[in-house]
Every structure is written in C-alpha cells, then in structure tokens.
Asker: 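I'd like to ask some things about the structure below.
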Number of protein chains: 2
Amino acid sequence: MTSTTESSNANTRERLMDAAGELFAASGFRDVTVRQICQKAQANIAAVNYHFRDKESLYREVVLSAYRTARERYPLNVGVTDADPPEKRLRAFVRGILGRIFDESNPPWGRLLAREMVDPTHALDGVVEEGMRPQYALLSSIVKQAAGTGLTEAQLARLCEAIVGQVLVYHTCRVVMQKVTPGGAPGREQIDELSDHIVAFSMGAIRAVTAPPGGKR
Amino acid sequence: MTSTTESSNANTRERLMDAAGELFAASGFRDVTVRQICQKAQANIAAVNYHFRDKESLYREVVLSAYRTARERYPLNVGVTDADPPEKRLRAFVRGILGRIFDESNPPWGRLLAREMVDPTHALDGVVEEGMRPQYALLSSIVKQAAGTGLTEAQLARLCEAIVGQVLVYHTCRVVMQKVTPGGAPGREQIDELSDHIVAFSMGAIRAVTAPPGGKR
DNA sequence: CTCCGTGTGAAACAATCGCTTCAAGCGAGT
DNA sequence: ACTCGCTTGAAGCGATTGTTTCACACGGAG
C-alpha cells in the first residue's frame, strides 16, 4: 500500500520527494515522467515546477536526501571506537555499507547510487565530497591499522578497493547472481554472514600480502 | 575521427551497429535517439527500422555482439591449461575480465554490461546463459582447486563473489575512484599490476579462510 | 469585508520521440 | 531494354515529453 501512493496528509513537497525517490530508483531519471511522480504523490503536474524548479532539481534533492538518510540509518562505526582492533572496526564498516545497499525501503539509496555510477550527474558531486571522501578515509585508516606501516599509497589504495569491491558486488551483480549463483543472490537477512566472510577473507589477505616471508613465494 | 562518424564504406547494417554500440554505451538505451544513431552511421532514419525491426531489436543485437567480441578478444584461459596450478589459472581469469572492462574500444562492452546490471533487459538473458554461467563455472572450478575440498556450496559462492567483486570494482566505481582515490582510478595500463594484486590478495585470503587452525581465532 | 501571498487545478504549449509511408535509386538477371 | 527485389531518401504521423500559463481556492492580516 505504501508502495502505490504516498500518504496524502504530508505536505506536497515531501510527497513528491518520496514518490520521486522510489520511481527514480526503480527506473532512472530519464524513464520517469513528472506525470508519474505527480500521480503517485497525488499532486498536480505543476507541483514539481512549483516546489522544485524543474525535474532535474527534484532529482538532485532526492539523491542528496537519500544519501543522508542512508548515512544516518547505517553508520559505519556502530559499537566501535578508533581504539578497537582493525578487525572489529572493519566489520562495523562492512556491515554499514551492506546495510545501506540492501535496504530497499524508501528511498532506495543503493539503486540511486548505482545509477549515478553509470550515468554520473552533478547530483553525485555533492555526495562524493560530503560522504564518499571521508568514508574512504575511514576505510583507509582501518586498513592502515591492519596492515601496519610500510605500505605505499598505491598498495593501500588497492587494499581498500578490494574491500569495497567485495561489498558492492552484492549490489551491482545481484541480477546476474540471481541467475548464476547456486542458491541465488544473498539478501539483507545474510548481512551478518556476509560481513563475517568479507572480514575474514580480507584480514587473511592483508596478513598474507603484507607478510610475504611467511609461507611460499 | 573514428569516434565521430563510422567509416562509410562498410554496409549500412554494420555501420548502424557500430554507431549504436558507441552511443548506447555512452548514454544508455533511452537517452540515445535513432536519429543520433543514423546520423553517426551516415544512414537514413528508416534504416534502423529496415535492417532491424526497431530500436530495441538493434539494442539487443548490439549487446550480444559486444559481448561476443569481448569474449573473443579477451579469453579467460590464455596460456593456461586445466592442469596448471590455481594461482596461474586465476591470474589468467582475472587478466581476462580486467581486459574486457578496461577496453574502451568499440563496442565498449563494460559500459553496456554495467547498464544492463542496473536496468536489465532481455538482452542480458542470452548473455548470462551463453557467457556468464560457464564463466562462473570456470571461476568456481579454479577456486575449488585452490581451496581444496570441504567447502560448502555457499562458501564456494562467497569466495567467487569476492574475486568478482575485486575485479568489477574497477569498472563500477571508476567515477568515484577518479575523485577519491589518491592517484586516481587505475587504467588499462595497470592490468598486470592489478591482476597480480588481486591474485595475491585472493590466494592469501583463500588459504587463510580454508585453513583456520593456523594462526589465531 | 477586503486584500494578498501561497498553493493548487486544468489546459495547453512547443519540442522531440519512435516509427511509418511512399517514392525513387540501384544493380543483377533475363 | 526491361523488370524485379533490395535498399535508401525525405517527409510526416501520432504519441509523449517537460514546462508554462492562468484562473481559482484558501486563509490570515489590515
């Protein structure tokens, strides 16, 4: 029921953003018409151009708002401090990102971000500067703590990318995994299992990569 | 020059597919008009509806053709046999996928695939069945060889996903990495470096995950 | 009551889309 | 030379798009 029309007692502006968020995430900027948005929000066609300047401004506000909602709802340091061991900090980080991308409730930030990755608009610029950059710095500090010193900047970047990739693959490749992976693509009910695996995998890899004199090679 | 108009001596059908591939990859199905395609291919507007049934059929043919080109150009087992050690086989696999996603020449398969991941059409179905599934089976066999027996199907899937994620992140997150990562996003000239890192990272992780009685925990 | 700013409603705007139509061009076969 | 099938060209069709316009409803301030 909440998926068809927005609760009509809120003010028009918020109803428009709710409806637009869901539609934009599902079909993208271009494939969504302002008529669809207004119908879903139970508003008049002119409402979009009145409350926002035009369709594109509405989209930008939706994307930024969706990111901020996801960031509030899924912090990346829940239950940990900077003094905790890197493994624990990494688990909190991974759990947070997984929570964000698996949350399909309104507004579905994961889908909006995925679309922005493929078709970047200026809506992404603010999100990157405001969110991605400090978020990457956090992951970088965790990895640095786990790997010890003696890492070049490039090596550090590769390690961070490996972790980010392991997490985001569950969103970007969901369509393919649904068909190819035995058991289908993991869902939000397996966040614990997935984060445990990613942390174990990555910590083992970091130890192996940063301490080569151990085994073979 | 090859980027503006297609060489006009080839037959119209191929020129249309070339132009459409480049445009679809750059802007997506919806944002590309048949008029743009025909102008770039130096063909008449009616040519699309004559040689292909409609815009959508043209798109489907472009996607399938782009995948087959990428598969021919970048095999996943170059220089290796099934008898080779898993590390060598994995490196060939990773190098192949990296080659495909970093190749921006026409048709840019990576971009087309990324768009299909976000907005799946029936064009993806054939590619998945014809390409993704055996490709996943190959990776699965490599991982199984590396990890030894005693893996549940789910554990095996998680390991494969981790490797796929590490590779695809360099395509899906390129826009963000360009701004956030120190040194910018890696390019196709760093394929060797990246595959070495991914293989070392993953092999170390697999050994750590599948042999827990070693260190701590 | 009157006025006026905020917000909404219905209608229409110009532009652009995919697709169709139909005539003409072209080259090979007879 | 003539015809026939394949291909191309120019024009236009109907539908849909984002946006604008303008009249009207409402509700507090003077």
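Lettering follows sequence order; numbering is per chain, from 1.
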Asker: Rounded to the nearest 0.5 Å, what's the gap from OG on B:S27 to CZ on A:R30? Could you check?
Answerer: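 The distance works out to 10.0 Å.
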
Asker: Which atoms of nucleotides 22-29 of chain C (N or O only) lie under 3.5 Å from a protein N or O atom, and what are those distances?
Answerer:
none

Asker: Using atom CZ of A:R13 as one end and atom P of C:dT8 as the other, report the distance to the nearest whole Å.
Answerer: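 To the nearest whole Å, that distance equals 12 Å.
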
Asker: Please round to the nearest 0.5 Å and tell me the distance separating atom CD1 of B:I97 and atom CG of B:L76.
Answerer: 4.5 Å

Asker: Supply the atom-to-atom distance A:S195 OG to A:Q166 CD, rounded to the nearest 0.5 angstrom.
Answerer: 12.0 Å

Asker: May I have the step-by-step check of side chain to side chain contact (heavy atoms under 4.5 Å, CB included) for A:I206 and B:F201, ending in yes or no?
Answerer: CA-CA 7 Å; A:I206 291 177; B:F201 189 96; 4.3 Å; yes

Asker: Considering only NZ, NE, NH1 and NH2 on the basic side and carboxylate oxygens on the acidic side, decide whether B:R60 and B:E56 come within less than 4.0 Å.
Answerer: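 Salt bridge flag = yes for B:E56 with B:R60.
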
Asker: Show your working on side chain to side chain contact (heavy atoms under 4.5 Å, CB included) between B:L98 and B:I101 and close with a plain yes or no.
Answerer: CA-CA 5 Å; B:L98 281 175; B:I101 67 178; 4.1 Å; yes

Asker: In residues 118-126 of chain A, which ones come under 4.0 Å of DNA chain D, going by heavy atoms?
Answerer: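 Those residues whose heavy atoms fall under 4.0 Å from DNA chain D, taken from residues 118-126 of chain A, amount to none.
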
Asker: Calculate the interatomic distance between A:K55 atom NZ and D:dT17 atom C1'; express it in whole Å.
Answerer: 8 Å

Asker: For the pair A:R13 and A:E61, find out whether any cationic side-chain nitrogen is under 4.0 Å from an anionic carboxylate oxygen.
Answerer: yes

Asker: Rounded to the Å, how far apart are A:L58 CG and D:dT19 P?
Answerer: 10 Å

Asker: May I ask you to decide whether A:E129 forms a salt bridge with B:K179, counting only side-chain N to carboxylate O separations under 4.0 Å?
Answerer: no

Asker: What residues from residues 26-37 of chain A pass a heavy-atom cutoff of under 4.0 Å to DNA chain D?
Answerer: A:V32, A:T33, A:V34, A:R35

Asker: Map B:I45 and A:I45 onto DNA chain C by nearest heavy atom, then report which one ends up closer to the 5' terminus.
Answerer: A:I45

Asker: Let me know the distance between CG of A:D54 and C1' of C:dC13, rounded to the nearest Å.
Answerer: 17 Å

Asker: Using the 3.5 Å cut-off, write out each protein N or O paired with an N or O of nucleotides 5-7 of chain D and the distance between them.
Answerer:
unit_1	atom_1	unit_2	atom_2	d
D:dT7	OP2	B:Y50	OH	2.9

Asker: How close or far is atom P of D:dC13 from atom CG of B:N49, stated in whole angstroms?
Answerer: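 Between P of D:dC13 and CG of B:N49: 17 Å.
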
Asker: Nearest 0.5 Å please: distance from the CZ atom of A:R158 over to the NE2 atom of B:H197.
Answerer: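 The CZ atom of A:R158 sits 7.5 Å away from the NE2 atom of B:H197.
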
Asker: Return the value, rounded to whole Å, for the distance between atom CZ of B:F52 and atom P of C:dC19.
Answerer: 13 Å

Asker: Let me know the distance between OH of B:Y59 and C1' of C:dC17, rounded to the nearest Å.
Answerer: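 Atom OH in B:Y59 sits about 18 Å away from atom C1' in C:dC17.
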
Asker: Would you list the atom pairs, donor with acceptor, under 3.5 Å between side chains in residues 108-118 of chain A and any protein atom, with sequence neighbours excluded?
Answerer:
unit_1	atom_1	unit_2	atom_2	d
A:R111	NE	A:E104	OE1	3.2
A:R115	NE	A:F24	O	3.4
A:R115	NE	A:A25	O	3.1
A:R115	NH1	B:D119	OD2	2.7
A:R115	NH2	A:A25	O	3.4
A:R115	NH2	A:A26	O	2.9
A:R115	NH2	B:D119	OD1	3.1
A:E116	OE1	A:T121	N	2.9
A:E116	OE1	A:T121	OG1	3.2
A:E116	OE2	A:Y59	OH	2.5
A:E116	OE2	A:T121	OG1	2.9

Asker: Is B:K144 atom NZ crowded by more than 12 heavy atoms from other residues, nucleotides or ligands, each under 6.0 Å away?
Answerer: no

Asker: Who pairs with A:Y67 by side chain to side chain donor-acceptor pair (under 3.5 Å), at least two apart in sequence or on another chain?
Answerer: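 Applying side chain to side chain donor-acceptor pair (under 3.5 Å) to A:Y67 gives none.
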
Asker: Assess the residue pair A:Y136 and B:M177 against the criterion (side chain to side chain contact (heavy atoms under 4.5 Å, CB included)); give the C-alpha distance rounded to whole Å, side-chain angles, the decisive distance to 0.1 Å, and a yes or no.
Answerer: CA-CA 10 Å; A:Y136 182 84; B:M177 294 196 325; over 6 Å; no

Asker: Establish, from distance only, whether the side-chain atoms of A:R89 and A:Q145 form a donor-acceptor pair under 3.5 Å.
Answerer: yes

Asker: Given atom CG of A:N11 and atom P of C:dT6, what is their separation to the nearest angstrom?
Answerer: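 In whole Å, C:dT6 P and A:N11 CG are 16 Å from each other.
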
